[in-house]
**Q** 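Below is the structure I would like to discuss, written out as structure tokens.
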Amino acid sequence: MMSIKENDSKFIAGTYARFPVVLAGGKGSLVWDEDGKEYIDLGTGIAVNTFGVADDEWVNAVSKQAASIAHTSNLYYSAPDVTLAKMLCEKTGLKKVFFSNSGAEANECAIKAARKYAAEHKGSDFNTIITLKNSFHGRTITTLSATGQDVFHSLFTPLTPGFDYAEANNIDDLRSKVAENKTAAIMVECVQGEGGVMPLTQEFVDEISKLAKENDLIVICDEVQCGNGRCGSLYAYMNYGLSPDIVTTAKGLGGGLPIGATMLGEKVENIFAPGDNGSTFGGNPVCCAGAVSILSRLNDDVFEGVKQRSDYIINALKDCGGIKSISGMGLMLGIETVKDANEVIAYCRENGVLVIKAKNKVRLLPALNIPFELLERAVNVIKNAVKE
Ligand SMILES: *Cc1c(COP(=O)(O)O)cnc(C)c1O
């Protein structure tokens, strides 16, 4: 009989370079492979399993909804999406939510909203969205175009026009990109994830607000990875005192099931009319019930716990040899190691710790409630892994 890995190579499209592990189960911050080998999970399925794997409250919420009605389509009203939308609006001050199934779709919706706003208020030639170099906004052709990394672009051209890229944390470059184009919006991750776990500076974020005010631009925060408590507040923009017009999120909101959310602020709350956007699965009751169980627990105690765990990791690693720098915010950390990151990641895996990569860095995205005892064990493995 062929193994899972062999059948995967044979039947699954070759878009993923997977780690050589077949995950079979887990509980909280522990996961195990098909042979029963246990790992401490510091990757959470790329910032998705917010409170770990098979979290009781989440499993209950999802199971109950699945046993009641799993799918309705958007031809009918249902309760879970309305509950979730109301919670998101009350917690952020944004006004309305469009639900989809992924980060890319949440960003597609944000781009449509920004373009429609600019078309109505400034003219349809004002359609350029300024994003940042090293950003990541998704894999669809348009969100790929929004992504400021050439490596993702080649062989998929022509891309969607109407994007230009400013250098992150370079105020002059941002200012000139806004001026050079007929600009509709600025779209940023407050902490770039795939681009190497790089937070924006306060000064740069302040400049975004200033430029937006001066030019009637829509500010879009892509909180797909850095949101939902990961950076020590509900959304990372809140750490900067920024007031975005549109906030997109996905990954950690669902706690393990696919969901995307595009939150629309006052300027764009009524931008969409029936037919302007849609999704068969968007607002799916099971996904929304899971998200409600996650969001209802994202409170100040959890954020305080995120900060404590973050400080613990940084303090434990900052002076140990073999580390050049640690970047990031909260429980979204990038470790630049002297050794090749792949080598560090492989050592960790062999020694029972799952970590992932971002650019040349080792990326940590643990569950927000990872027990300190597991964190301590994992950090000790990382210390050995980075040793020269
Ligand atoms: C992962 C990610 C996306 C894309 O999300 P998908 O659910 O994979 O489509 C978009 N933006 C950021 C910042 C991300 O980290």
Side-chain angles (χ1 to χ4, degrees), residues 13 15-18 43-50 98-112 114 129-149 151-153 156 159-160 163 165 168 185-200 205 219-231 235-237 239-240 242 244 246-263 277 279 281-284 287 290-291 294 327-334 356-359 361 363-365:
T15 56
Y16 303 111
R18 301 193 202 275
T44 55
I46 324 186
V48 166
N49 303 319
T50 303
F98 176 84
F99 287 118
S100 52
N101 315 286
S102 67
E105 279 177 282
N107 286 335
E108 288 271 351
C109 174
I111 291 163
K112 285 174 86 169
I129 297 176
I130 309 297
T131 65
L132 301 181
K133 291 188 174 140
N134 275 325
S135 58
F136 183 82
H137 298 297
R139 304 281 189 170
T140 63
I141 289 288
T142 295
T143 56
L144 209 55
S145 312
T147 293
Q149 300 193 57
V151 287
F152 291 109
H153 292 170
F156 301 114
L159 299 176
T160 308
F163 292 92
Y165 317 100
I186 300 174
M187 176 166 169
V188 300
E189 301 153 84
C190 283
V191 183
Q192 294 188 327
E194 304 305 312
V197 201
M198 289 303 298
L200 298 181
V205 173
V219 175
I220 306 170
C221 284
D222 178 342
E223 296 265 354
V224 172
Q225 186 164 159
C226 60
N228 307 301
R230 184 140 299 277
C231 290
Y235 290 103
Y237 74 80
N239 293 336
Y240 292 85
L242 180 66
I246 303 178
V247 176
T248 64
T249 194
K251 291 192 170 95
L253 177 63
L257 281 172
I259 188 169
T262 309
M263 297 175 242
N277 208 10
S279 163
F281 283 114
N284 173 273
C287 300
I294 298 291
S327 62
M329 200 181 276
L331 287 177
M332 181 171 174
L333 296 171
I356 63 174
K357 213 178 152 190
K359 281 273 169 77
K361 293 178 184 172
R363 178 169 33 156
L364 309 185
L365 299 162

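We count residues from 1, following the sequence as given. Read the numbers this way: they start at 1 and go in the same order the structure lists the ligands and their atoms.
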**Q** Answer yes or no: is there a side-chain heavy-atom contact under 4.5 Å between K251 and N228?
**A** no

**Q** Counting each atom of ligand 1 from 1 as listed, which ones have a heavy atom of S102 under 4.0 Å away?
**A** 7 (O), 9 (O)

**Q** Using a plain distance cutoff, I'd like to know if E189 has any nitrogen or oxygen under 3.5 Å from a nitrogen or oxygen of ligand 1.
**A** no

**Q** Distance from Y237 atom OH to I220 atom CD1, nearest 0.5 Å?
**A** 14.0 Å

**Q** State, with a plain yes or no, whether a side-chain heavy atom of T131 is found less than 4.5 Å away from one of T147.
**A** no

**Q** May I ask you to check if ligand 1 and E105 share an N or O to N or O distance below 3.5 Å?
**A** no

**Q** Please name the residue in the list T248, T160, I141, T140 that meets the side-chain contact (heavy atoms from CB on, under 4.5 Å) test with E108.
**A** T140

**Q** Can you find a heavy atom in the side chain of Q149 that is under 4.5 Å from one in the side chain of Y165?
**A** no

**Q** By number and element, which atoms of ligand 1 are closer than 4.0 Å to a non-hydrogen atom of K251?
**A** 1 (C), 2 (C), 3 (C), 14 (C), 15 (O)

**Q** Looking at atom 11 (N) of ligand 1, what's its closest protein heavy atom, distance included?
**A** D222 OD2, 2.8 Å

**Q** Need the ligand 1 atom indices (1-based, order shown) with element for anything under 4.0 Å from a heavy-atom of A104.
**A** 4 (C), 5 (O), 6 (P), 9 (O)

**Q** Atom 5 (O) of ligand 1: protein heavy atom closer than 4.0 Å?
**A** yes

**Q** Can you list the atoms of ligand 1 that are under 4.0 Å from a heavy atom of N107?
**A** 10 (C), 11 (N)

**Q** Name the closest protein heavy atom to atom 7 (O) of ligand 1, giving the residue it belongs to and the distance to 0.1 Å.
**A** G103 N, 2.8 Å

**Q** Would you say CZ of F281 has more than 12 non-hydrogen atoms from neighbouring residues, nucleotides or ligands within 6.0 angstrom?
**A** no

**Q** Under a 4.0 angstrom heavy-atom cut-off, which atoms of ligand 1 come close to Q225?
**A** 15 (O)

**Q** Which residue and atom name correspond to the protein heavy atom nearest atom 12 (C) of ligand 1, and how close is it?
**A** F136 O, 3.3 Å

**Q** Counting neighbours of CG on L257 that are heavy atoms of other residues, nucleotides or ligands and sit closer than 6.0 Å, is the number greater than 12?
**A** yes

**Q** Find out whether Q225 and R363 are in side-chain contact, i.e. whether some heavy atom of one side chain is under 4.5 Å from a heavy atom of the other.
**A** yes

